[in-house]
Amino acid sequence: MNMRAQTKASILVTGTSTLLALIWLLPILYTFFVSFKHAARGISDLGKLVSPPYTLDNYIYVLNNGQADIFGWTFNSFLVSTVVTLCVIVVCSTAAFAFAFLNFTGKSVLFWIALFGLILPGEAILVPLYILMRDLKLLNTYGSLIFPYVAAPFALIIFRQFFVGIPRELFEAARIDGCGSWKIYRSVVLPLSRPVLAAIGIFVFLGIWNDFVWPYISITKQELMTIPVGLPFFISQFNPDVGMPIAAAMLATAPVLIVFLFFQRFIVKGITFTGIKG
Amino acid sequence: MIHHFYSFQQWAGGSSMNQSLRKRLIKKWALNVEAYSFLFLFFAFYLLFTLYPVVQGFIVSLSKWNITGAKTYVGFSNYNALIQDSIFWSSFWNSGKFVLMAVPTIMLTSFAFALLIDSKFTKAKAFFRSTFFMPVILSVSIIAIIWSYAFDPYTGSINTVLKLFGLSEPIFWITDTKLVWVSITMLTIWWTMGTSMILYLAGLQDIPADHYEAAEIDGANGWQRVWHITIPALSRVHTLIMFLLITASFKVFGQVFLITKGGPSGASRTLIQYIYEIGFMRFDMGRASAASYILFVVVLLITLIQFQIMRRIQREEGDQSR
């Protein structure tokens with residue numbers, strides 16, 4: 001291919017991508033501008049939307065509104081997602097270690113039982129989980145947002161798959177040096193598993209961060225809500241002017257976007273890893 | 001060596017055999033205890049928060065229960081009532097319809113976008129990849145707010161932009177029964193396509209370059225290369241993405257519920273919303289559990305088919321590489 005044809009192809013492909021990127025960003029950019037406008041319901045003209053005057057009133061209203069605890073909800077989302085992520089990493093990687101390296105009675109039966117959870121959709125046990133949480137007096141606690149997610153079969157399977165790939169000689173050598181299994185887990189296997197730990201960590205974090213159905217059912221106390229539950233609650237309570245939910249959504253988006261821009265390389269890797277192995 | 005030693009001792013007979021047997025049992029017991037110490041936490045949580053609810057859910061599905069009073073055993077009558085409930089069937093069909101609409105369109109879009117980004121002619125690949133992927137990280141309530149606004153017939157971004165291109169009458173994206181699922185599909189493509197795109201991009205990296213070189217020598221143009229080399233080479237990725245999307249789409253709930261509340265007049269009520277309404281608004285726990293079990297069985301069947309197909313593909317790929 002000669003230079004001219006190459007430049008032409010490059011312009012064509014990059015041009016198409018740019019156009020698509022604009023379309024992709026349009027809903028967010030549009031909302032972004034609306035959040036700085038008064039009485040946004042009335043605006044149906046692109047020129048008027050992007051040109052001044054701007055106002056911060058929507059944000060001020062949301063930030064001063066006790067019913068819209070955006071920062072509290074963001075804090076809850078961060079807390080719950082972080083705790084679940086750490087729990088999944090510890091609990092599932094230890095169990096995966098046993099399945100990958102140790103021999104014990106009932107190994108294959110237990111593995112099949114764990115595999116069963118891979119097929120079970122969480123949505124199918126909403127009702128009994130609600131009953132269980134009610135009986136344990138855990139509704140409207142952080143516990144109800146954390147405990148159901150700790151034993152994650154998909155994480156167990158992916159950890160095990162990764163551990164099986166670790167050369168067995170390392171395990172045997174550590175054994176001969178007199179290391180117990182816990183020591184091997186801590187000082188041999190975990191240090192070698194950083195990529196899979198990061199991948200699972202990111203995958204779980206994103207999943208919990210965005211989880212909606214179960215928190216929506218189990219949490220009715222406003223101060224315990226996460227972002228996905230809190231925002232709709234705020235809107236349904238107030239049915240306020242359109243500018244406010246949009247300002248609230250923008251405030252809730254900002255921290256995630258910042259985290260995404262910093263960690264996107266890892267996020268992309270994490271999805272590839274869990275997707276391909278899973 | 002160790003094995004031989006033990007068997008020699010056994011053969012030597014008498015009390016030493018008993019002793020070695022005891023030693024071995026103790027050793028095995030110690031190994032088991034150690035292994036179970038690794039498994040304990042996982043299976044404790046798994047038993048209490050997954051397996052117990054699965055069993056409990058089945059028992060509840062055989063009962064009449066409004067969550068506060070006493071349970072009465074009613075056999076399979078909840079399932080019977082479900083089968084005769086037209087709202088159950090329309091919800092079931094809505095979720096199925098969404099699978100049929102969303103899975104092919106998301107696959108196609110994500111594949112096309114991946115090809116576009118992967119093309120050697122594309123500049124600023126990283127920027128485009130981030131832009132197309134970014135909606136994935138937004139939580140459902142945020143995208144619901146953004147898109148409720150985008151779909152607004154008079155002031156929404158979509159109609160406002162279409163007006164620039166000559167749209168005269170406003171389109172009622174979510175209040176028109178015929179359009180509501182198209183709109184939901186559109187926003188779901190926008191929201192979730194990034195995940196599949198990343199998987200496709202990873203798959204594209206794994207296609208050996210010499211496959212393309214051979215085709216280039218044969219004089220194949222761009223489309224022919226995509227059709228004859230890229231698409232077949234990704235069969236494992238296609239299958240993986242397809243089944244991920246099928247199960248995810250069948251369980252659709254949040255974005256629909258938050259934007260349309262299931263309307264207009266139930267046209268977008270999904271199976272999960274049905275379970276939610278029966279269980280947590282009408283508190284008919286028995287029927288909600290029965291509907292949950294039907295959801296479970298459907299997902300189970302889909303997954304079993306997926307495992308079969310994935311196994312066959314793996315076997316075929318194995319044959320080819322031999």
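Letters go in sequence order (proteins before strands), and every chain restarts at 1.
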Part of A:Phe32 within contact of chain B (heavy atom distance under 4.5 Å): neither
Counting only heavy atoms closer than 4.5 Å, note whether A:Leu136 contacts chain B via side chain, backbone, both or neither. side chain
What part of A:Leu206 gets closer than 4.5 Å to chain B, counting heavy atoms only: side chain, backbone, both or neither? side chain
When rounded to the nearest 0.5 angstrom, what distance separates CD1 in B:Ile146 from CE in A:Met250? 4.5 Å
If I take atom CZ from residue B:Phe38 and atom OG from residue A:Ser93, how far apart are they, to the nearest 0.5 angstrom? 9.5 Å
Angle class for the B:Phe43/A:Phe99 ring planes (parallel below 30°, perpendicular above 60°, tilted otherwise)? perpendicular
A:Leu132 versus chain B, heavy atoms under 4.5 Å apart: side chain, backbone, both or neither? side chain
Given a strict heavy-atom distance threshold of 4.5 Å, which part of A:Tyr149 is in contact with chain B: side chain, backbone, both, or neither? neither
Under 4.5 Å from a heavy atom of chain B, the part of A:Thr94 involved: both
Donor-acceptor pair, distance only, cut-off 3.5 Å: does the side chain of A:Ser10 make one with the backbone of B:Phe121? yes
Let me know if A:Leu257 has heavy atoms under 4.5 Å from chain B in its side chain, its backbone, both or neither. both
What part of A:Ile113 is in contact with chain B, defined as an atom under 4.5 angstrom from a non-hydrogen atom: side chain, backbone, both or neither? both
B:Tyr46 side-chain N/O to A:Gly117 backbone N/O, donor-acceptor pair under 3.5 Å: yes
Counting N and O atoms only, with roles assigned by atom type, does the side chain of B:Glu34 sit under 3.5 Å from a partner on the main chain of A:Ser181, one being a donor and the other an acceptor? yes
Roughly how far, to the nearest 0.5 Å, is the CG atom of B:Leu138 from the CG atom of A:Asn210? 8.0 Å
